[in-house]
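Notes follow once the structure below has been shown.
Only a predicted model underlies this, so the values are computations on that prediction, with no experimental measurement involved. Sequence lines set the chain letters: A, B, ... in the order given, protein chains first and strands last, and positions in each chain run from 1.
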Amino acid sequence: MEGVDSRSVASGAVDDGPGEADAARPATDGGTLPGSDVGDDADEPDRVVCHVDMDCFYASCERLRDPDLRGEPVVVGMGYEPGETVGAVATASYEARAFGVESATPISEALDRLPRRADADPADPDAPDPDETGRYLPVDMAFYEEVAEEVKAVLRDCADVLREVSVDEAYLDVTDRTAWDAVGGDDPEPSAAAGPSEVRTLAEGYARHVKQRIEREAGVPASVGVAPNMSAAKVASDADKPDGLVVVPPGSVATFLAPLPTAALHGVGPVTERALAERGIETAGDVADADPETLAEAFGDRGRALVRRARGKDDREVTPRGLPKSLSRESSLPRTTDEERKRETVAALAADVARRARERGCLYRTIGIKAVLPPFDVNTRARSLPGPVDDPDLVEEVALELLSEFADDEVRKLGVRVSNLDFSEGDQATLGGFEGTGRDRGDDLDRGGPAGRDGREGTGATITDWIGGGSADDGETGHGDSDESDTVSEGEAVSGTDDAPERRTDDGQASLGDWS
DNA sequence: TCTGGGGTCCTAGGACCC
DNA sequence: TCTGGGGTCCTAGGACCC
């Protein structure tokens, strides 16, 4: 992926003048034989990338099991139940959005704009008009994941390469399943989709097929964008929601993007949008016309990538999502300085994170906390261990220690995270001690540690051997013995002891797309 | 609009090593 | 004793995404 990007090479159009070099390039006709131009730096063949984005997914799932909710304003969120004081909207149906209730709206505000149906007592003249009330439901992630699994089954069937971005969103590379050729040959039919495409292409038909299969087989609506790259496909799926199908054929990407506000680009959030506006850059077209180096000065590599994507260039390949990099849990609490309350909260979060790590069969080497102080001051602290572990007690211990720095502070939110994850355990088992992680093996050889390859096999060393049973301050001593980590894992990493629905297809990468 | 929870990636500075 | 530059790891924070 990297390197490909070094726009210098070949191409001649080194700094493709503002605008179009790429956009102007004609779509490759379907007649080109793959590989016919080996050895030269010709443009890569156009890909066909679909981005599938489920429409207000949680709300759609709720409607799936309760058809009475269809056509009603539906708000799915958390924190509005009695006793809860903090929370936000997770998903609002489009009917609810008409009342100004959107994802991330604080629940109190949502209730102001759209009272809950239960409060609409017809006998009470002061009660809200039932027509201006909504149905509020708590998040039921387990159910949404069931539905998502059916959606994914369709997607897997429709694409060789699938990247699941989240429970309700995925990229598909369908280059091998379809093409950009116009339907009808010399007498092409007009496109039936939204977007710049004037003629109907095979890709359009394929995307519609995917969309319809999702609706038919999973029972929930999706919006689909089709384009020659990920970035454009993503914007396209967003361009005609809900229930949209937007086709952006090769050669028209920059034109398609140009009139959109910068915020429509993936990677432009409120901060970047503002910073761009200060430079007079308001639309994607403005971004495309900007000098990449100028934006790089302001935004680093992101700035360069932004310009490229606005010009319709994005070389990223669709790849399955890899293993997670971190696991975390956090929770808001009424502002408090109560140390015991804080410690209890962190201990509970730590236990939960450690449990999830164990369920997924992963070890972690870094333990961290997050403390959010009013008004919204985010602080993170982390400590790395000499080697990867699976040790819930240690997570709690380290987390509480890190928390002590904030003992006197008022907090509004606390979190615990483990990172530096290590999933190699399973591999090691199958490889029969032949393998260690890179760093561990290196250490072994260097030091010829206390337990050589063989010695390590059966020893039941525990974490306490090298971190000390007590405070992680002992970590010092641990350094020299970090090669024990493998052993530690063997003794500690009992995976899947809980009954949690662990759907590992044991396909390595692919299976992990399921988590979350 | 003062903000829920779970993630990702990037950057910058410091420590440490060679 | 003063000096250099490169590489890697770690921590903290920030922006962004769904």
Using heavy atoms to find the nearest nucleotide of DNA chain B for Arg163(A) and Glu109(A) separately, return the residue whose nucleotide is more 5′.
Glu109(A)
So if I take residues 233-244 of chain A and measure heavy-atom distances to DNA chain C, which residues fall below 4.0 Å?
Lys234(A)
Residues in side chain to side chain donor-acceptor pair (under 3.5 Å) contact with Tyr144(A), at least two apart in sequence or another chain
Glu62(A)
Taking atom types as modelled, is there a side-chain donor on Thr336(A) or Asp338(A) under 3.5 Å from an acceptor on the other?
no
Side-chain H-bond candidate by donor/acceptor type, Ser384(A) with Thr366(A), under 3.5 Å
yes
Heavy atoms within less than 4.0 Å of DNA chain C: which residues of residues 267-284 of chain A have one? Give them sorted by number.
Gly267(A), Val268(A), Gly269(A), Pro270(A), Val271(A), Thr272(A)
Chain A vs DNA chain C, heavy-atom contacts under 4.0 Å, first-to-last nucleotide span, 5' to 3', is dC10(C) to dC18(C)
Grab the two heavy atoms, one from Pro324(A) and one from Leu421(A), that are nearest each other, plus how far apart they are.
O-CD1, 3.5 Å
If the condition is side-chain contact (heavy atoms from CB on, under 4.5 Å), which residues does Val161(A) pass it with, not counting sequence neighbours?
Asp173(A), Val318(A), Pro320(A)
Partners passing side chain to side chain donor-acceptor pair (under 3.5 Å) against Glu282(A) (at least two apart in sequence or in another chain)
none
For a quick check of understanding: with a heavy-atom distance under 4.0 Å over all strands, which category does Ser103(A) fall into, base, sugar-phosphate or nothing?
nothing
Taking the P atom in each of dC18(C) and dC2(B), what is the distance between them to the nearest angstrom?
24 Å
For Asp301(A) and Phe376(A), find the nucleotide of DNA chain B closest to each by heavy atoms; which residue's nucleotide sits nearer the 5' end?
Phe376(A)
Just call it for Ala104(A): base, sugar-phosphate, or nothing, with non-hydrogen atoms closer than 4.0 Å on any strand.
base
Can you pull the salt bridge (Lys or Arg N to Asp or Glu O under 4.0 Å) pairs that have at least one residue in residues 270-281 of chain A, sequence neighbours excluded?
none
From the list Val271(A), Leu276(A), Leu306(A), side-chain contact (heavy atoms from CB on, under 4.5 Å) partner of Phe299(A) resolves to Leu276(A)
With sequence neighbours excluded, residues passing side chain to side chain donor-acceptor pair (under 3.5 Å) with Arg163(A):
Thr319(A)
Sequence neighbours left out, what pairs pass salt bridge (Lys or Arg N to Asp or Glu O under 4.0 Å) with at least one residue falling in residues 231-243 of chain A?
Asp55(A)-Lys241(A), Glu169(A)-Lys234(A), Lys211(A)-Asp243(A)
Taking side chain to side chain donor-acceptor pair (under 3.5 Å) as the test, write out the residues that go with Ser419(A), two or more places apart.
none
Kindly state each residue pair satisfying salt bridge (Lys or Arg N to Asp or Glu O under 4.0 Å) with at least one member in residues 407-418 of chain A, sequence neighbours excluded.
Glu330(A)-Lys413(A)
Base, sugar-phosphate, or nothing: which does Ile369(A) touch, judged by heavy atoms less than 4.0 Å apart?
nothing
Does any part of the side chain of Val226(A), heavy atoms only, come nearer than 4.5 Å to the side chain of His51(A), both counted from C-beta?
no
For Arg329(A), which contact category applies under a 4.0 Å heavy-atom criterion: base, sugar-phosphate, or nothing?
sugar-phosphate
All stems with DNA chain B, defined as three or more consecutive Watson-Crick or G-U pairs under 3.5 Å:
B:5-18 with C:5-18
